[in-house]
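Below is one structure; the comments refer to it alone.
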2 protein chains.
Amino acid sequence: MHQRDEIGFFIKLINDCIEKKANQTLKQFDLTLSQARILFYLHDHKETTTSQKDLEDFFEVTHPTIIGILNRLERKEFIRSETNSKDKRVKNIFLADKGGKVFCSMDHFKKSTEQKMLQDLTVDQIKELQSLLKIVYKNIQTF
Amino acid sequence: MHQRDEIGFFIKLINDCIEKKANQTLKQFDLTLSQARILFYLHDHKETTTSQKDLEDFFEVTHPTIIGILNRLERKEFIRSETNSKDKRVKNIFLADKGGKVFCSMDHFKKSTEQKMLQDLTVDQIKELQSLLKIVYKNIQTF
DNA sequence: ACATAATATGTAGCATGCTACAATTATACC
DNA sequence: GGTATAATTGTAGCATGCTACATATTATGT
């Protein structure tokens, strides 16, 4: 088995490539892929309040990672944050006006990207890919 | 479509997870996953000389990325390097004794990891996954 | 009520990826 | 042969991931 044929290696190639291309496109919005994903999350969860911890759990990254991304987003005024008055340990995160404004054009970019990525695949193949990746994911998590 | 169901997002979760677990295991060898992958490459290409550029092309990363990894590997004496006398622009990279020594135990770890990752999948399913990922990869590259 | 444990966030330092710019050497062309 | 171009490597600075340690607040148990 050659290194480049291994699933883990291949997944890394794909992930690096997605991130690079996305970051090049998102540069026009002064955003990175990880930052944009946070904005999408906040947009999708407008009705409920979101804490830093919620973002850690959803994106499955450690808290120093989330803190870094949020600090950069807040410095650029895409989001704002405030301490929860009920539980002062908790910091709530909100989409700021600027974050809402870039949303439409970003959403369009996101949909066309996902579409290009999955072109030449049938609906069944996409479902199959999702289900296979889910199994792989479950396997690695239980190491 | 929810964010976590998107292929790109899912691939990132899997990649982060693989890298984290692998780095925890490889710590005993004083190596990271990216560093170990370089050693595997050098081991698999013992018969031919390898330049920095070869590694960039194989791993599809930029040259500053490769330089960083190689510098850390050389500082730890897993590899050594020398300027090509025929073409002084080129820097050749060799596996050092120390790099060869950790190889057996790493190889064992690598095989058992790949096995655990793909458990519960049939040979046909693995082939199907590889072929689907290959299509996705081709699609992103031609953006 | 008070000590202890758990939870949420913060900071420091590192590895790996990137872009942008620079330096050196080899190649190509007139 | 000399100049322009290409190829290879190097450096600086940043974003995002991590671990390890620290701090503040809340929850728990006696």
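So you know, we letter chains A, B, ... as the sequences are listed, proteins then strands, and number each from 1.
Distance CG (B:Leu33) to C1' (C:dT16): 11 Å, rounded to an integer number of Å. When the C1' atom of C:dA8 is taken as reference, atom CG of A:Leu70 falls 13 Å away, rounded to whole Å. The CG-C1' distance, from B:Leu26 to C:dA15, rounds to 13 Å in whole Å. The distance between atom CD1 of A:Ile69 and atom C1' of C:dT9, rounded to the nearest whole Å, is 15 Å. Per the geometry, CD1 belonging to A:Ile14 stands 16 Å off P belonging to C:dG17, to the nearest Å. If you measure from atom CG of A:Leu55 to atom P of D:dG17, you get 12 Å, rounded to the nearest angstrom. At whole-Å resolution of the value, CG in A:Asn15 and P in D:dG17 are 9 Å apart. The nearest whole Å value for the distance from the NZ atom in A:Lys12 to the P atom in C:dA15 is 16 Å.
Note on A:Asn23: nothing from the nucleic acid sits closer than 4.0 angstrom, heavy atoms only. B:Thr65 comes within 4.0 angstrom of a base, heavy atoms only. B:Lys21 comes within 4.0 angstrom of nothing in the nucleic acid, heavy atoms only.
You'll find that the side chain of B:Ser51 is closest to D:dT9, out of C:dT9, C:dC18, D:dT9. Here the nucleotide nearest the side chain of A:Gln52, chosen from D:dT9, D:dC18, C:dT9, is C:dT9. Minimum atom distance to the side chain of B:Arg89 is reached by C:dT25, of the listed C:dT25, C:dC18, D:dG17. Side chain of B:Gln24, nearest nucleotide from C:dT9, C:dT19, D:dT19: D:dT19. Closest approach to the A:Lys20 side chain among D:dT25, C:dC18, D:dT9 is made by C:dC18 (side chain taken as heavy atoms from C-beta onward).
A stacked arrangement is assigned to B:His63 and the six-membered base ring of D:dT9, with a centre-to-centre distance below 5.5 Å and an interplanar angle below 30°.
Each of A:Ser34 and B:Pro64 was assigned the nucleotide of DNA chain D with the nearest heavy atom; the assignment lying further toward the 5' end belongs to B:Pro64. Ranked by how close their nearest DNA chain C nucleotide is to the 5' end, B:Lys88 and B:Glu60 are led by B:Glu60. Mapping A:Lys86 and B:Ile67 onto DNA chain D by nearest heavy atom places B:Ile67 closer to the 5' end of the strand. Each of B:Ser85 and B:Glu19 was matched to the nucleotide of DNA chain C holding its nearest heavy atom; the match closer to the 5' end belongs to B:Glu19.
Counting heavy atoms from C-beta outward, A:Phe59 and A:Ile38 have side chains that approach closer than 4.5 Å. Residues A:Asp107 and A:Phe40 form a side-chain contact, since some pair of their non-hydrogen atoms from C-beta on lies under 4.5 Å apart.
Contact check, A:Thr32 against D:dT16: a side-chain N or O comes under 4.0 Å of OP1 or OP2. The side chain of B:Arg72 contributes an N or O atom lying less than 4.0 Å from OP1 or OP2 of C:dT16. For the OP1/OP2 pair of D:dT9 and a distance below 4.0 Å, the side-chain nitrogens and oxygens of B:Lys91 include no atom meeting the criterion. Residue A:Lys27 has a polar side-chain atom (N or O) positioned under 4.0 Å from OP1 or OP2 of C:dA20. Contact annotation: B:Gln35 reaches the phosphate of C:dT16 (side-chain N/O to OP1 or OP2, under 4.0 Å).
Qualifying side-chain contact (heavy atoms from CB on, under 4.5 Å) partners for B:Ser51, counting only residues two or more places apart in sequence or in other chains: B:Lys53, B:Asp54, B:Val90, B:Asn92.
Ring-centre distance between B:Phe58 and A:Phe9: below the 6.0 Å cut-off.
Ion pairing between a basic and an acidic side chain is recognised when a charged N comes within 4.0 Å of a carboxylate O; A:Glu6 and B:Lys110 show such pairing.
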inquiry  = Using side-chain hydrogen bond (donor to acceptor under 3.5 Å, both in side chains), reason through B:Gln141 and A:Lys21 one step at a time and then give a plain yes or no.
reply    = CA-CA 9 Å; B:Gln141 279 186 310; A:Lys21 304 265 181 178; over 6 Å; no
